[in-house]
Each structure stands twice: as C-alpha cells, then as structure tokens.
There are 2 protein chains.
Amino acid sequence: MSSPGEHWISYTNDLLAGSGLRKSAARTHVIELLGAQHCALSAQEIEHHLGTDGHRVGRASIYRTLEMLVARGLIKRIDMGRAEASFEATMPDGHHHHHMVCSQCGNVAAFDDPQLEAAIDAVAERLSATVNDHDVLLRGICGTCAAS
Amino acid sequence: MSSPGEHWISYTNDLLAGSGLRKSAARTHVIELLGAQHCALSAQEIEHHLGTDGHRVGRASIYRTLEMLVARGLIKRIDMGRAEASFEATMPDGHHHHHMVCSQCGNVAAFDDPQLEAAIDAVAERLSATVNDHDVLLRGICGTCAAS
DNA sequence: GAGTCTAATGAGAATGAGTCCCATTAGCTG
DNA sequence: CAGCTAATGGGACTCATTCTCATTAGACTC
C-alpha cells in the first residue's frame with residue numbers, strides 16, 4: 001500500500017522523466033520531501049529539513065525546483081500572509097484543500113468543503129474570464145489559543 | 001451626495017480623532033488617497049501617487065500608517081501573489097468583495113457573491129476555531145487576454 | 001569505460017519589499 | 001509662546017527570493 005504522498009512522488013517522477021529533464025539528486029530530494037509532507041512547506045523549511053537529513057541542497061536549486069514544479073502544476077504556491085510563501089503537492093485528481101491560519105500562534109489547519117468549491121465554481125461561471133485556480137484563506141483564532 | 005470613498009474617509013478620520021492620535025499631514029494624505037480608490041493599492045503605488053500629487057510622504061510613514069489602519073480594521077491587506085501586498089479600504093458595514101487576477105496581464109477585477117460568503121460562513125461554523133476574516137482569490141485569464 | 005555535450009548545481013552577489021533607527025519636525029495643550 | 005512628545009523621513013538594515021557564473025555531473029556516443 002502506498003500513501004498519497006508516495007503516489008504523488010512517482011507520478012511526478014514519471015511526468016518529469018518524459019520531458020527531457022535530467023534526473024538530479026537535488027531535485028529528487030526536494031520532490032521526495034514535498035511528497036512526504038501532509039501540509040505546505042516554505043522554501044526555508046525545505047532547505048532546513050534537507051540540511052538536517054544530510055541531503056544539503058543549494059538554495060538556488062530549491063527555488064528552481066519549486067518554480068519548475070509550479071509551472072507544471074505539480075505543486076501549488078500558497079501565500080499565508082507570512083513573509084515567505086509555502087508550497088504543497090497538488091493531487092493529480094484535482095482534489096485539494098484550503099487553509100485556516102491562527103493569527104495568534106500561526107498554526108495552520110487544513111479543511112475542505114464541497115459546498116465552498118461549488119460556490120466558487122458558480123462565481124467562476126458568472127465572470128467573463130476563464131478561472132483556472134483559486135485560493136481561500138481563513139484567519140482567526142484556533143481552538144487551542146481560544147482555550148488558553 | 002458623497003461617494004462611498006468620501007464616507008470612508010470621514011468615518012476613518014472621526015475614528016482616529018477620538019483615539020489620541022495627532023492629525024498629521026502624512027497620514028491624512030495616505031488616508032485620502034486610499035479613500036479615493038475603487039480597488040486595492042500597494043505601498044509602492046501609494047508612494048508613487050502621493051509623489052506625483054506633490055504630497056511626498058516618506059516610505060516609513062506610509063508603512064506605519066498602513067499598519068495602523070490594518071490594526072484598527074479600517075483597511076485590509078490583500079495578497080495577490082505579487083511581490084508586494086495591496087491595501088484596500090474596508091467598508092464599515094462589512095460589505096466587501098474579492099479579486100480575480102489575470103495571470104497573463106496582471107489585471108485585477110473585483111467581484112462579490114453572497115452565495116460564496118454563505119459557503120464560507122458555513123465552513124467557519126464547522127471548524128473548531130473562531131474565524132474572523134477570509135480571503136478568496138481567483139486566478140485565470142481575463143476576457144481581454146482571452147480575446148487577443 | 002572514456003569522451004563530449006550541456007543541463008543542473010551551488011556559492012555568493014544582487015534585488016526589492018518591508019522594517020528599524022534616530023535626529024529633526026510639528027501637533028497639541030497649558 | 002513654551003514645552004512635551006507623537007510623528008516624520010532619510011537612510012541603514014533585514015530577509016525572502018532571484019540572478020550570475022564557474023564548476024559538476026547526467027546521459028548519450030563511440
């Protein structure tokens with residue numbers, strides 16, 4: 001049995017293999033790290049994780065890999081109102097979630113909601129434009145912070 | 001008859017007058033510029049506009065004013081996936097809109113949709129957290145770009 | 001396996017938005 | 001008007017991200 005993350009890794013590798021890209025260690029490490037995550041990581045966090053895992057990868061290569069993956073729709077760039085952007089694997093079937101950030105502790109929780117997606121699709125339909133992506137971000141106080 | 005923007009300006013000034021802040025030229029200019037806008041402006045754009053209007057205001061003061069207005073909920077910081085953040089007056093009655101950014105020309109269109117708001121409220125209800133703000137951002141190709 | 005071609009890497013410089021510092025200016029109050 | 005201090009603004013600084021370029025290392029040929 002393979003986790004969704006492992007599935008994404010092999011999907012991504014297959015897709016890249018068939019597009020004239022060389023298979024480099026740096027790229028492989030970034031992809032494997034992203035695939036192992038259950039939520040978004042920033043470039044900094046990626047650099048740090050790879051460093052402590054003994055797979056140090058240059059910052060430039062990390063950004064280059066992220067850019068390449070975003071361009072191919074394999075990951076999504078997410079802006080959570082912090083200084084740095086975060087990145088998260090996108091499931092090939094289009095399944096995705098959104099985020100709620102606690103303005104007190106900064107913690108991020110993921111959620112998904114079919115009704116919300118339907119409402120967004122309906123808006124997209126109405127506009128004189130082709131909508132091909134959307135972000136939703138909720139901000140507030142998480143349960144833990146509210147309790148303390 | 002006063003435009004919604006003028007209404008926001010006087011509302012904002014009244015609110016600030018009653019909170020121990022001195023009335024400074026720099027702050028007044030930023031507030032009046034924001035009130036005159038129909039959509040979001042970035043700090044850079046504010047600096048540039050004020051400069052060409054002959055009301056040059058130091059960058060530090062612009063950021064300070066924006067921070068102060070955000071803290072009081074008088075404007076909202078909006079991240080459109082560009083390098084810089086944008087800022088937009090918030091209507092006292094809570095009425096607001098969201099944005100659609102064209103990934104080709106960068107143009108921004110505003111829209112609002114009660115159903116979408118309802119869907120977000122419903123999600124917020126479900127979560128074990130107090131949601132007090134949200135962003136929605138659509139990305140795609142605008143009508144103009146699609147036509148050309 | 002060696003040679004060649006060039007994609008990819010990574011160290012560090014450069015960029016640019018946003019923040020900080022601090023000497024100076026200018027609202028306010030008495 | 002004098003004094004107090006909030007507020008300003010020039011410019012130094014921070015920090016994420018991008019760029020540059022000399023070096024490294026996949027992949028293909030022989």
Side-chain angles (χ1 to χ4, degrees), chain A residues 12-33 40-51 53-72 74-88 106, chain B residues 12-34 40-51 53-72 74-87 106:
Chain A
T12 297
N13 283 333
D14 288 357
L15 209 141
L16 297 183
S19 61
L21 292 174
R22 288 183 187 169
K23 186 173 179 175
S24 79
R27 200 144 55 205
T28 304
H29 289 140
V30 173
I31 290 171
E32 285 183 352
L33 179 62
L41 276 188
S42 71
Q44 320 269 318
E45 290 166 333
I46 292 172
E47 185 174 18
H48 181 253
H49 270 96
L50 292 177
D53 286 3
H55 296 132
R56 207 151 140 265
V57 169
R59 189 170 313 156
S61 296
I62 293 175
Y63 280 106
R64 263 189 302 248
T65 301
L66 291 173
E67 186 186 4
M68 186 273 293
L69 292 171
V70 167
R72 286 160 202 262
L74 291 161
I75 62 175
K76 186 165 155 54
R77 183 199 162 99
I78 299 169
D79 240 305
M80 309 228 216
R82 316 187 208 183
E84 357 88 60
S86 296
F87 298 85
E88 179 170 80
Chain B
T12 298
N13 282 333
D14 290 355
L15 209 141
L16 296 183
S19 61
L21 293 173
R22 289 183 186 171
K23 187 171 177 176
S24 79
R27 200 144 56 205
T28 304
H29 289 140
V30 173
I31 290 171
E32 285 184 351
L33 180 61
L34 284 169
L41 276 188
S42 72
Q44 320 271 317
E45 290 166 332
I46 292 172
E47 186 173 18
H48 182 252
H49 270 96
L50 291 178
D53 286 3
H55 296 132
R56 208 150 138 267
V57 170
R59 187 171 314 156
S61 297
I62 293 175
Y63 281 108
R64 263 188 304 247
T65 300
L66 291 172
E67 185 186 5
M68 186 271 295
L69 292 171
V70 167
R72 286 159 201 264
L74 291 162
I75 61 174
K76 184 164 156 53
R77 183 199 161 100
I78 299 168
D79 241 306
M80 309 228 217
R82 316 188 208 180
E84 358 87 60
S86 296
F87 299 85

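- Side-chain atoms of B:Arg59 stay outside donor-acceptor range of the base of D:dG11, with no qualifying N/O pair under 3.5 Å.
- Between the CG atom of A:Leu16 and the P atom of D:dA27 there is a distance of 12 Å, rounded to whole Å.
- Taking atom CD on B:Glu47 and atom P on D:dG10, their separation rounds to 9 Å, with Å as the unit.
- Remark: P of D:dG10 and CZ of B:Arg64 are 11 Å apart, rounded to the nearest angstrom.
- The closest side-chain heavy-atom distance from A:Gln44 to A:Ser42 is below 4.5 Å.
- The side-chain heavy atoms of B:Thr12 and B:Leu34, taken from C-beta on, include no pair separated by under 4.5 Å.
- Under a cut-off of 6.0 angstrom, the local environment of CD in A:Glu67 is sparse, with at most 12 non-hydrogen atoms contributed by other residues, nucleotides or ligands.
- At a threshold of 4.0 angstrom between heavy atoms, the contacts of A:Ala25 with the nucleic acid are absent.
- Put simply, CG on A:Leu50 is 14 Å from C1' on C:dG10, counting in whole angstrom units.
- Remark: P of C:dA17 and CG of B:Asp79 are 14 Å apart, rounded to the nearest angstrom.
- Closest to the B:Ala60 side chain, of the nucleotides C:dT9, C:dC21, D:dA25, is C:dC21.
- When the nearest nucleotides of DNA chain C are assigned to B:Ser24 and B:Tyr63 by heavy-atom distance, the more 5′-ward of the two goes with B:Tyr63.
- Side-chain atoms of B:Glu32 and B:His55, non-hydrogen and from C-beta on, never get closer than 4.5 Å to each other.
- Separating the CD atom of A:Glu84 from the C1' atom of C:dG16 is a distance of 17 Å, rounded to the nearest angstrom.
- Straight-line distance from the CE atom of B:Met68 to the P atom of D:dA6: 15 Å, rounded to whole Å.
- At a cut-off of 3.5 angstrom, the base of C:dG27 holds no donor-acceptor pair with the side chain of B:Arg27.
- Summarising the geometry, the separation between NE2 on A:His55 and P on C:dT9 is reported as 15 Å, rounded to the nearest angstrom.
- The side chain of A:Lys23 approaches D:dA27 more closely than any other nucleotide in the set D:dA7, D:dA27, D:dT17.
- Remark: B:Ser61 is in phosphate contact with D:dG9, judged by side-chain N or O atoms under 4.0 Å from OP1 or OP2.
- Comparing C:dC28, C:dG18, D:dT8 by their nearest atom to the side chain of B:Arg22 picks out C:dC28.
- Atom-to-atom distance recorded for B:His29:NE2 and B:Arg56:CZ is 13.5 Å, nearest 0.5 angstrom.
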